[in-house]
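Here the structure is laid out as structure tokens; the discussion comes afterwards.
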Amino acid sequence: NRRADELVNFALDARKDVVVYAHDGFVAAAPQKPPPNAGPRLDITIVSDPSRPCPANHQCDQSYTIGAVTPEGLCIHATKAAFDAIDLNKRSMGCHAQCAQCGAKIRIEPVNDDKK
């Protein structure tokens, strides 16, 4: 009960949710989500099935939108391939990349808010 009281007092003092990592006792404020339209956004579409095992089980035609944060379900390898392929100075044009982990081909396009 003493530890629970400590945590409640910490959260009340911080005036926000807190996260406690028990393995080392580290306490930090819960991350704040950025607004959904913060910064440039890109649509990422898996355009071919993986040729090797994929840790995220990606399949053709899965789509994700990357903005200020990466979306749940898009593996780090495909995310890196997308970031390596894009040129933010040429956001009006799309590009393609390939996941180094599973070989899935991906298409990267700027989000067109007029379509959504």
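All of these numbers come straight from a predicted model, not from anything done at the bench.
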I'd like a table of donor-acceptor pairs (distance under 3.5 Å, sequence neighbours excluded) in which one partner is a side-chain atom from residues 44-54, with atom names and distances.
residue : atom : partner : partner atom : Å
Thr45   : OG1  : Ser63   : OG           : 3.2
Ser48   : OG   : Lys105  : N            : 2.9
Asp49   : OD1  : Cys60   : N            : 2.8
Ser51   : OG   : Cys102  : O            : 3.2
Arg52   : NE   : Gln101  : O            : 3.2
Arg52   : NH2  : Ala100  : O            : 3.2

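- Applying the salt bridge (charged side-chain N to carboxylate O under 4.0 Å, His left out) definition to pairs two or more places apart or across chains, none involves residues 56-71.
- Here Ala97 pairs with Ala81, Ala85, Ile106, Ile108 under the side-chain contact (heavy atoms from CB on, under 4.5 Å) rule; sequence neighbours left out.
- Sorted by first and then second residue, the salt bridge (charged side-chain N to carboxylate O under 4.0 Å, His left out) pairs involving residues 68-78 (not counting sequence neighbours) form an empty list.
- Between Ile66 and Phe83, the closest side-chain pair of non-hydrogen atoms falls below 4.5 Å.
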In a table with atom names and distances, give each donor-acceptor pair under 3.5 Å that connects a side chain of residues 73-80 to protein atoms at least two apart or in another chain.
residue : atom : partner : partner atom : Å
Thr79   : OG1  : Cys75   : O            : 2.9
Lys80   : NZ   : Asp84   : OD2          : 2.5

